[in-house]
Every structure is written in C-alpha cells, then in structure tokens.
Amino acid sequence: MLPKAYSPSDTEDRIYQLWEETGAFHADAKSKKEPFTISMPPPNATGQLHLGHAVMLALEDIFIRHARMQGKEALWVPGTDHAAIATENVVIRLLKEQGMKDPRKELGREKLIEKIAEFVEQSRGTIRGQVRKMGSSCDWERERYTLEPALNRVVNEVFARMYKDGLIYRGHRIVNWDPKLQTTISDDEIAWKEETAPFYTFQYGPFQIGTSRPETKFGDKYVVMHPDDERYAKYKNGDTFEAEWINGLVRATVIKDTAVDPAFGTGVMTITPWHDTADFEIAERHGLEREQIIDFQGKLLPVAGEFAGMPIEKARPLVVEKLKEKGLLVKTDENYLHNKATSSRGGGTVEPQIKLQWFIDVKKEVVTWKGKIMSLKQIMHEVVHSGDITILPDRFAKQYFHWIDNLRDWCISRQIWWGHRVPVWYKADETYVGITPPEGAGWQQDTDTLDTWFSSAMWTWSTLLDPKLAVDHSVTLEELLKRSPDFQKFHPTTVMETGYDILPFWVARMILMTTYAVGQIPFETVYLHGLIRTRDGRKMSKSDPDSMIDPLDMIAKYGTDALRLSMIVGQSPGADSRLYEEKIGGYRNFVNKLWNASRFILLQCESAEIDPHDIELFDQEGLTVADQALLSALQDLVTDVTAGLAEYRLSEVGERLYSFVWDYFCDWYLELSKGEANYAVLLHALRTLLKLLHPYCPFVTEEIWTHVKPEHAKLLIQEEWPLADEAFKNKDAFDQLQVVIDIITAIRKLRTDHQVPLDSHPEVVLVVQGKQDSLVDQVEQIVRMARIGALKIGSKPPQGEVASAFLSGIEVHMLLEGLVDKDKEKANLLKEQESLVAYAQVLRGKLENKQFIERAPHQLVSAEREKLAETEEKLKKIGERLGSL
RNA sequence: GGGCGCCUAGCUCAGCUGGUUAGAGCGACUCGCUUACACCGAGUAGGUCAGGGGUUCGAAUCCCUUGGCGCCCACCA
C-alpha cells in the first residue's frame with residue numbers, strides 16, 4: 001500500500017530515469033505524426049539553475065508533454081550556451097585567484113581558450129543534471145552546444161554570405177568600450193545608472209559652453225548650436241574664431257546642427273566626436289575631424305599635454321582647477337543629474353570610443369523575402385505584422401516593433417577570445433572571408449570574436465542540422481538543410497518560450513538571422529513569461545542572497561511538481577509574478593491531496609478485493625446520480641483543459657484542475673463514494689485526472705499511474721490525451737447532485753447554528769415539492785455525511801421543536817428535541833430575511849426597469865424573474881416560521 | 001523625452017469581447033482526530049474593484065481625467 005504522505009525525493013529521480021531509459025523523450029524524424037518542436041533557450045554551460053530557468057523549463061515541458069500525449073511528434077532540443085564574455089570572465093577570475101596576474105598575457109590566446117574549454121567541460125554536467133531535476137522531457141540524444149564544430153561552420157558560412165551580400169561591413173564606428181573588460185559591448189549590454197555630478201560652464205571664445213566631462217575637452221575645436229537659435233544668429237556655419245583653452249590657444253569653427261537643444265544650458269556646446277555618440281553623429285553629418293583623447297585603458301593621450309597618462313577620474317578636477325585659474329570657469333552646478341553608462345557585464349564605466357568593428361547593416365535592401373527585396377529590418381517587421389509569427393501576449397508585439405524602429409546597425413565583433421572567431425583573414429592589403437582559412441602562407445585571422453547572440457540567433461535551425469554532415473565543407477548549406485532529416489521534419493519550430501527581457505536580444509535576432517539564412521521563420525509562436533520576483537516585488541539578485549530562492553532547495557523541500565505548479569498557476573503570461581515558500585508549500589499540499597485521494601481509491605479496491613490493473617472500463621448501467629454527475633463534469637473538464645492548453649492559458653487551466661480535484665473530486669465525489677463506491681468509475685475518473693494533470697506535475701502522476709493503470713497500459717508520459725465524450729454529458733445528474741449537496745450543506749449549517757452536539761443524531765424531515773426521486777437513492781449518503789439519525793421525506797413540516805432551512809423546492813426541517821434555542825433561531829431567521837429582502841429588492845428594481853426588459857437578452861430577464869419568485873417563496877416561509885416563534 | 005503595463009479582501013492574484021448579491025489561495029477567527037489526507041475536514045468574518053467624470057437599461061470590465069507604482073526604448077553636451 002502507498003505510504004501516508006507522498007515523498008518526492010524518493011520518487012522523482014527514479015521516475016526520470018525510467019522515462020529516459022524507455023526513450024520516452026526521443027522524437028523520430030521519420031514519423032508521420034504532426035511535428036511539435038521547441039528549441040530550449042540554452043542555459044550557460046557553466047551556469048547554475050535559477051528560477052528563470054525553472055519557469056522556462058516548466059512551461060516548455062508542459063507544452064511538450066501535452067503535445068506528445070496528443071499524438072504529435074514532440075521534439076524538445078536541449079543545449080547549452082558558451083556565454084562568451086560571462087564565461088571568459090569567470091575563468092580569468094579563477095586563474096587570478098590561483099595566483100596568475102594577467103592570464104591573457106601569461107597564457108596567450110590558444111592556452112587560455114584551452115583552459116576555458118576545460119572549465120566548461122568540467123562544469124557542464126551540473127546544469128544538465130539540474131535541467132533533469134525539473135523533470136524536463138527533452139531529447140538528450142540531440143543535445144547541442146553553441147560552440148560546437150557544426151555551429152561554427154554555420155556561423156562562418158552565414159558571416160561570409162552576409163559579407164558577400166554587403167550586409168556585413170567593417171568600419172570605424174563609435175562603440176561602447178568597456179575599459180575594465182577591454183572589449184566592446186552592445187547597446188543592449190549597457191546599464192544606465194543615474195548619478196549626480198557637477199556641471200560646469202566655461203568661457204570658450206565668445207561662447208559659454210556647458211559640460212560634465214571637462215577632461216575630454218582637450219581636442220574640442222567645434223562649437224555647435226541650433227540653426228534657429230536667435231541668440232547666435234550673427235554666427236554663421238563655418239565661421240572660425242580663436243579661443244584660449246586648457247593648453248593654450250585653439251582655432252574653433254562654428255557648426256549649426258538641429259541636434260542641439262537651445263533650452264539646455266546656454267544652447268551651445270563643443271563636441272568630442274571620438275568619445276560621444278551624439279557628437280560622433282554630428283561630426284559625421286558635417287564631415288568634421290575627430291581625435292582620440294582617451295586611450296583604451298581609460299587614460300589621457302599626449303593631446304592632453306601635462307595631463308597625458310592620467311586616468312580620467314583623476315584628471316577631471318585638475319582640468320577644472322586649471323580652467324578656473326585661467327578665469328574661464330563661469331559657474332558650477334553641483335546638482336546636475338544625468339545617466340551614466342555602465343557595463344552590465346562587468347560593472348565598469350562605459351567609455352565610447354571609435355574602433356574598427358564589424359557590423360550588420362539592417363537597412364540595406366538586398367534580401368529576398370516572399371519574392372520582395374527587403375532589408376533585414378523590413379523582414380523582421382513583416383513576419384510579425386503579417387501574422388506569420390504570433391507574439392504572446394500581444395502587447396509585446398508593440399514593444400518589438402518599437403525596438404525595430406529604433407534599431408541601428410548591429411556591432412557584432414567583440415575583443416575577447418572565447419567564442420566564434422571572426423572568419424576573416426588578412427595578408428597585407430588583401431582580405432579573405434570564408435568558412436576555412438585561405439590557402440597559402442602569411443594570412444592572419446582577425447583577432448576578434450563574434451557577439452554571442454550572432455551564433456544564438458541561429459539556434460532554432462542550426463541545432464537540427466546533421467552534425468556530421470555540417471562539418472563537411474564540401475556540402476553546401478542548401479544541401480545541408482535538405483539532407484538533415486531533423487531540419488526537414490521539425491523546422492520551423494512551433495513555439496519559442498522565453499523571458500520577455502530577451503525579446504530584443506535574442507528573439508528579434510533569431511528572426512533576423514533565420515529568415516536571412518534559411519528563408520524560414522524560426523518559430524510560429526513566441527510565448528513570453530515574466531520575471532519571478534520576491535514576495536515584496538523586488539528582483540532576485542545575486543548581490544542580495546536573502547532575496548534568492550534556489551529552485552534546487554525548493555525541489556528538495558517540496559518536490560519538483562509543487563515548484564512547477566507554484567510558478568505556473570497564478571502567473572499570467574508576460575507579467576512578473578511573486579514567489580515565496582508558502583506558495584510552494586500550498587502546491588505541495590495539493591500534490592499530497594492527489595496522492596491521498598489515490599491512496600483512498602486503492603484502499604477501497606483492496607477492501608473489495610479488486611485489482612485495479614484488471615479494470616479497463618466501467619459498466620454504463622446502474623450508475624448513481626453522483627457517478628453520472630462526476631462523469632459529466634469530467635467531460636467538461638477535459639474540454640476546458642484541452643481548449644485552454646491550445647490557447648496557452650496555463651494558469652487558468654492549472655486552477656481549473658486544482659479546484660476540480662480538490663473541491664469536487666475529493667470533497668464531494670470521494671465523500672459520497674464512502675457510502676457506496678463504484679470502483680470502475682473511480683478508477684476511470686482518477687486515470688483521466690492523472691492524464692490531464694501530467695503535463696503540470698509529471699512525477700506524482702506517473703508514480704500514481706503505475707498503481708492504477710490498466711494492466712497493459714504504457715507509461716503515463718506516453719498515454720493518449722483524453723477526449724471529451726458528449727455521451728456522458730448529463731446536466732440533470734449534475735443538478736440533482738447539486739440538490740443533494742445543498743441538503744447536506746443546509747443540515748450541517750443547522751447543526752452548527754444550533755450547536756447540536758456531534759454525538760447526537762437528530763431526525764430530519766424533508767418537505768419536497770415536485771419530483772425528487774433521485775433523492776431517495778442518495779438518502780443513505782446524506783444520513784452518513786450529515787450525521788443525522790433518520791431522514792424522512794414528508795409532505796408537511798413536523799410538529800415540535802424544529803429548525804428549518806429553505807432551499808429552492810425543498811424544505812429541510814431538523815427535530816431538535818428541546819435543543820433549540822428560540823432566540824438563536826429567531827436571530828438567524830431575521831438575518832436571512834434581511835439579506836433576502838435586499839436581494840429581492842435588487843431583482844425587483846431590475847424587473848421594473850422598462851429598458852432592462854426591452855434591451856437585455858431574454859434569457860437573462862426570465863432568469864431574473866425565476867429568481868425573484870424563488871426568493872419571495874423563501875421569504876414567505878421564513879415569515880411563517882417567525883410568526884410561530 | 002517616446003512607448004507599454006499595473007492599482008480588486010490583511011497578503012499574492014483570477015475576473016475574456018459590459019449582464020446573477022465581485023471570486024480563489026494563503027493568513028485570521030470558530031468548530032472538528034468522522035472508514036485517504038492535520039501537507040486534513042466543516043464553517044465565519046473581511047472589498048463604495050485607486051479618486052473623479054462620462055457612455056449605457058446595466059460598468060471592476062468601455063472612454064476621458066487625476067493620483068500612485070512598475071517596466072521598456074532613447075539619452076542631451
């Protein structure tokens with residue numbers, strides 16, 4: 001027999017192993033079934049499972065398990081990410097901790113990469129194990145890695161093609177330079193932090209200019225103002241003048257540009273094109289000279305004269321001091337609030353620099369999509385706009401369009417070593433771009449690597465390529481796609497499930513890259529989940545360990561099923577949600593409830609000497625009202641759950657299942673079955689519930705299944721999804737059962753209202769109007785559940801001390817043998833009378849309203865009439881009873 | 001500056017295209033170890049649905065407006 005409480009820790013690993021060994025996760029590319037594919041967003045190969053992964057895995061596992069049970073060929077491709085900057089940083093830090101001063105210099109490129117690869121290899125097992133812990137039913141035989149050779153081939157090839165198409169170019173552009181990490185980072189990797197800094201106004205020739213960064217001003221020789229600013233109307237574009245400046249006289253030129261806000265400061269500024277994005281753009285427009293002031297270590301260059309070699313933070317006050325001595329400082333505003341760019345990768349201050357970088361041109365119209373020539377930007381817009389790709393919830397489509405509108409060329413080169421190296425080779429003035437190094441001696445490969453999102457952008461399809469074929473360079477990409485059965489069968493993928501925070505980083509770029517490279521959309525639906533926050537709504541962050549909930553701790557304590565439910569139910573898509581232990585505990589209780597309900601059914605079978613495995617079907621003859629009502633309700637449940645899952649309404653479906661199991665199945669049906677059980681119906685209902693619940697809580701359901709399944713049935717994970725059978729729908733049975741439930745509830749209420757001791761069993765008389773034949777069948781159960789002595793169905797209320805309750809069509813009278821407290825009964829009746837009078841008034845008001853009668857739907861009007869009649873009937877009875885007291 | 005959300009019981013949240021006296025879970029309170037489950041059962045209390053205005057026979061739901069909170073994008077020297 002099953003133990004009293006369900007123990008996840010004794011069950012989960014065993015069940016997972018069982019699934020894996022039976023090949024339940026494996027998808028077949030040759031199958032004729034309709035494909036259903038998910039590409040798992042790859043966690044960092046060196047990472048630790050956190051709640052973000054946990055929600056992602058839970059959601060995707062629900063989609064996949066449901067699809068699989070529905071008879072689709074369900075493939076979930078797992079994988080890990082090499083996480084370029086993040087991983088390189090970790091390893092460098094570790095090496096430093098081991099006593100190395102500058103690992104890059106000491107080891108050199110090849111050796112450091114080896115070290116990192118070694119580290120990744122060692123630590124990758126951790127995340128794999130943790131993904132399994134969540135119950136993820138992904139196809140491990142197809143596990144992929146973003147830095148594997150097959151992916152490298154595709155990355156190189158797509159790079160080369162884009163280069164040939166003129167979509168990838170190399171240019172001097174202003175980039176976000178992180179002096180601490182010594183690399184470029186993308187716009188999306190910048191974290192803006194608000195800070196207060198002094199804002200200085202200096203005299204610069206005839207103008208006053210404002211700046212918060214005087215240390216960059218050494219090379220400034222342009223003053224810029226708005227063309228319509230009347231204060232400066234007498235200066236013309238191109239006028240020159242001399243100005244005394246930090247290190248002596250400079251010759252400056254006037255530039256008129258609309259980028260200047262006349263209302264800010266004095267409406268005049270000098271520009272530093274090498275170290276400021278906006279300034280760079282002004283310089284581009286007017287063809288101005290630009291000069292580097294700060295080097296890549298964050299120190300001033302010789303142009304700074306006496307300040308050369310100084311770190312910028314140190315130079316700032318000294319420069320101000322010098323200008324002040326020269327009498328050029330007009331004023332200082334100490335409370336200037338501005339946003340400072342910091343690197344989200346390493347936390348250092350980002351210093352814009354001009355560097356030779358590789359870019360993807362998103363505006364060039366050279367790509368063919370659906371017979372039209374478009375830019376990458378236009379395609380990205382088109383596929384979502386046309387509905388080829390659906391974004392859920394749809395408000396994120398707006399955000400996506402907004403992001404595309406603001407999209408600039410994408411800088412894809414990074415000055416780190418861990419990643420896909422830029423497939424470009426140089427020899428003197430020659431440049432070669434290709435999949436493999438060029439023939440001949442003297443070629444040097446570009447030292448940069450590619451942005452990690454460049455390779456992740458190909459994730460949905462590169463992971464479906466035949467890995468052996470992919471490294472054969474004589475096979476063209478078109479051939480490769482054609483000859484990869486997985487790609488042919490499973491791409492485009494069905495749904496991409498990920499956090500809304502990487503909609504621009506990743507989702508948009510997958511769309512860009514996949515439409516370009518393989519001419520298909522990467523996925524049909526994008527389902528975005530929200531962030532999981534702490535109970536008081538804060539972000540969980542590593543810097544605040546108390547705020548963190550470790551999913552593995554929660555699994556150890558409450559079980560995977562409970563954790564999964566607590567993250568899915570009550571979470572609406574795209575919205576942040578809060579998680580705390582009590583919530584998980586609540587779902588642990590639910591899992592246990594399900595366990596015990598099953599245990600009870602098995603106990604029933606045991607005492608009746610029935611082996612559940614022998615029972616396949618139930619007999620449709622001789623079903624009680626309760627059985628019929630249950631079967632009917634079950635059909636509705638199947639319909640609702642199936643429809644809800646098809647529309648990705650996971651939270652709603654979860655709640656529906658929760659309340660069905662607990663409130664209906666356990667609290668009513670199982671209670672009623674204590675009088676007289678129909679084992680076959682019990683088993684049928686339980687099996688159906690297990691199937692419906694399996695995607696949400698796979699472990700308990702599979703474990704229970706082994707005890708209750710029909711003898712020849714497969715594992716639950718491989719079972720067929722239930723179909724609703726109209727034949728079992730029986731509204732009458734349901735209504736009749738409701739009457740029984742109402743009677744029991746009324747009797748219980750009378751007992752507590754009059755404080756009838758539990759050990760006394762009063763007699764109850766029901767006065768029934770109309771036909772209530774079905775009641776007779778249920779009498780025994782009513783007697784037992786309501787703990788009454790005898791139940792009679794009569795035509796008149798009994799004489800004597802009686803407490804009464806009035807249902808629609810039925811009066812319940814309880815003989816109290818002197819136990820009744822008249823004052824108490826009177827008080828209760830008065831209270832009920834009050835609420836009924838109020839209700840009747842509301843109804844009457846409605847029905848007296850002509851417009852309501854004319855315009856509201858007819859069914860609604862007649863329903864309201866019926867309700868009023870019932871209410872008035874009840875009031876009449878109460879009045880009579882009150883009169884007799 | 002541009003955009004997108006949110007404000008419903010003490011707490012966390014459902015309430016879809018307007019239609020019963022607004023729901024759930026947790027918490028609180030009162031009973032209860034009744035042939036699965038105290039990780040339980042039966043009950044009770046608790047809300048002018050952020051404020052104001054409008055449309056409508058009818059608004060938590062649609063429109064306008066005020067206030068508070070949050071997020072995304074852009075970034076101004």
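Chain naming here is simple, since letters A, B, ... match the order of the sequence lines and numbering starts at 1 in each.
- In this model, the phosphate group of B:A14 is approached by a side-chain N or O of A:S572 to a distance below 4.0 Å at OP1 or OP2.
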Might you work through the side chain to side chain donor-acceptor pair (under 3.5 Å) test for A:T272 and A:D220, ending with a clear yes or no? CA-CA 6 Å; A:T272 314; A:D220 289 11; 3.2 Å; yes

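- In this structure, A:K539 atom NZ and B:G70 atom P are separated by 12 Å, rounded to whole Å.
- Side chains of A:Y204 and A:K217 form no contact here, defined as non-hydrogen atoms less than 4.5 Å apart.
- Using a 4.0 Å heavy-atom distance criterion, A:K217 is classed as a sugar-phosphate-only contact.
- Between the C1' atom of B:U20 and the CZ atom of A:F852 lies a distance of 10 Å, rounded to the nearest Å.
- Residue A:R649 is out of contact with every strand shown, counting any heavy-atom pair closer than 4.0 Å.
- The gap from the P atom of B:G70 to that of B:G27 amounts to 29 Å, rounded to the nearest Å.
- Distance CD1 (A:I209) to C1' (B:A77): 9 Å, rounded to an integer number of Å.
- As rounded to whole Å, 17 Å separates atom C1' of B:C13 from atom CG of A:L531.
- Here A:A856 lies in heavy-atom contact (under 4.0 Å) with a base.
- Side-chain N/O atoms of A:R533 include none lying less than 4.0 angstrom from OP1 or OP2 on B:C71.
- Note on A:T211: only backbone sugar-phosphate atoms sit closer than 4.0 angstrom, heavy atoms only; bases stay farther off.
- Look at the P atom in both B:G3 and B:U65: the space between them is 13 Å, to the nearest Å.
- The C1' atoms of B:G5 and B:G23 are separated by 23 Å, rounded to the nearest whole Å.
- The 12-atom threshold is exceeded at CD of A:E647, counting heavy atoms of other residues, nucleotides or ligands nearer than 6.0 Å.
- Applying the 3.5 Å distance criterion, the base of B:A36 shares a donor-acceptor pair with the side chain of A:E671.
- Put simply, the side chain of A:K4 and the base of B:C37 share no donor and acceptor less than 3.5 Å apart.
- Contact annotation for A:D261: base contact, defined as any heavy-atom pair under 4.0 Å involving a base atom.
- Base-pair partner of B:C71: B:G3 (Watson-Crick or G-U wobble, both distances under 3.5 Å).
- Listed nucleotides B:U21, B:C76, B:C57 differ in distance to A:Q851; the shortest reach to its side chain belongs to B:C57.
- Of the candidates B:C40, B:G19, B:C72, the closest approach to any side-chain atom of A:K593 belongs to B:C40.
- Distance noted for atom P between B:A28 and B:A36: 26 Å (whole Å).
- Residue A:E864 is classed as having no contact, given no heavy-atom separation below 4.0 Å to the nucleic acid.
- The base of B:U20 lies close enough to the side chain of A:K867 for a donor and an acceptor atom to sit less than 3.5 Å apart.
- Distance check: A:R213 CZ to A:R316 CZ gives 6.0 Å after rounding to the nearest 0.5 Å.
- Between B:U12, B:G41, B:C72, one nucleotide has an atom nearer to the side chain of A:W662 than all others, and that is B:G41.
- Mapping A:A597 and A:S577 onto RNA chain B by nearest heavy atom places A:S577 closer to the 5' end of the strand.
- Residue-level contact check: A:R748 touches the backbone only, with heavy atoms under 4.0 Å from sugar-phosphate atoms and none from bases.
- Among the atoms of the strands shown, only primed sugar atoms or phosphate atoms (P, OP1, OP2) are found under 4.0 Å from some heavy atom of A:K583.
- Residue-level contact check: A:K398 touches the backbone only, with heavy atoms under 4.0 Å from sugar-phosphate atoms and none from bases.
- Side-chain atoms of A:R599 stay outside donor-acceptor range of the base of B:C37, with no qualifying N/O pair under 3.5 Å.
- Across all strands shown, B:C40 forms a Watson-Crick or G-U wobble pair with B:G32, both key distances being under 3.5 Å.
- Side-chain contact annotation: A:Y500 with A:D576, donor-acceptor N/O pair under 3.5 Å present.
- A:D276 comes within contact range of the sugar-phosphate backbone alone, with a heavy-atom separation under 4.0 Å but no base atom that close.
- Summarising the geometry, the separation between CE on A:M785 and P on B:A42 is reported as 8 Å, rounded to the nearest angstrom.
- Going from the P atom of B:A9 to that of B:U61 covers 15 Å, rounded to whole Å.
- Rounded to the nearest Å, the gap between the P atom of B:A59 and that of B:G19 is 11 Å.
- No side-chain N or O of A:E703 forms a donor-acceptor pair with one of A:T11 less than 3.5 Å apart.
- A:L603 comes within 4.0 angstrom of sugar-phosphate atoms only, judged by non-hydrogen atoms across all strands, and of no base.
- The listed nucleotides are B:G19, B:C72, B:G41; the one nearest the side chain of A:D667 is B:G41.
- Closest contact between the side chain of A:C666 and the listed nucleotides B:A77, B:A36, B:C73 involves B:A36.
- Counting non-hydrogen atoms under 4.0 angstrom, A:S607 reaches nothing in the nucleic acid.
- The gap from the C1' atom of B:U34 to that of B:A42 amounts to 11 Å, rounded to the nearest Å.
- For A:P857, the side-chain atoms get nearest to B:G19 when compared with the rest of B:C75, B:C76, B:G19.
- Around the NZ atom of A:K539, the shell of radius 6.0 Å holds no more than 12 heavy atoms that belong to other residues, nucleotides or ligands.
- The separation between A:L565 atom CG and B:C13 atom P is 18 Å, rounded to whole Å.
- Residue A:R751 has no polar side-chain atom (N or O) positioned under 4.0 Å from OP1 or OP2 of B:A42.
- Residue A:G210 is in base contact, counting any heavy-atom pair closer than 4.0 Å across all strands shown.
- With A:W245 contributing its side chain and A:G219 its backbone, the two residues share no donor-acceptor pair below 3.5 Å.
- The CG atom of A:L594 sits 8.5 Å away from the CZ atom of A:F665 when rounded to the nearest 0.5 Å.
- The nearest whole Å value for the distance from the CD atom in A:E582 to the C1' atom in B:C11 is 10 Å.
- Contacts of A:V260 with the nucleic acid, taken as non-hydrogen atoms under 4.0 Å apart, include base atoms.
- In this structure B:A50 sits in a base pair with B:U66, meeting the Watson-Crick or G-U test at under 3.5 Å.
- Heavy-atom distances to RNA chain B give each of A:L670 and A:Y587 a nearest nucleotide, and the one nearer the 5′ end belongs to A:Y587.
- Geometric assessment of A:K256 against the ring of A:Y232 yields a negative cation-pi assignment under the 6.0 Å and 45° thresholds.
- Contact annotation: A:N589 side-chain N/O to B:C40 OP1/OP2 distance is under 4.0 Å.
- Between A:R578 and B:U12 there is a side-chain polar atom (N or O) within less than 4.0 angstrom of OP1 or OP2.
- Comparing B:G52 with B:A74, their P atoms are spaced 39 Å from each other, to the whole Å.
- As rounded to whole Å, 12 Å separates atom C1' of B:C6 from atom CZ of A:F396.
- Pairing of B:A14, defined by two Watson-Crick or G-U wobble distances under 3.5 Å, is not identified with any nucleotide.
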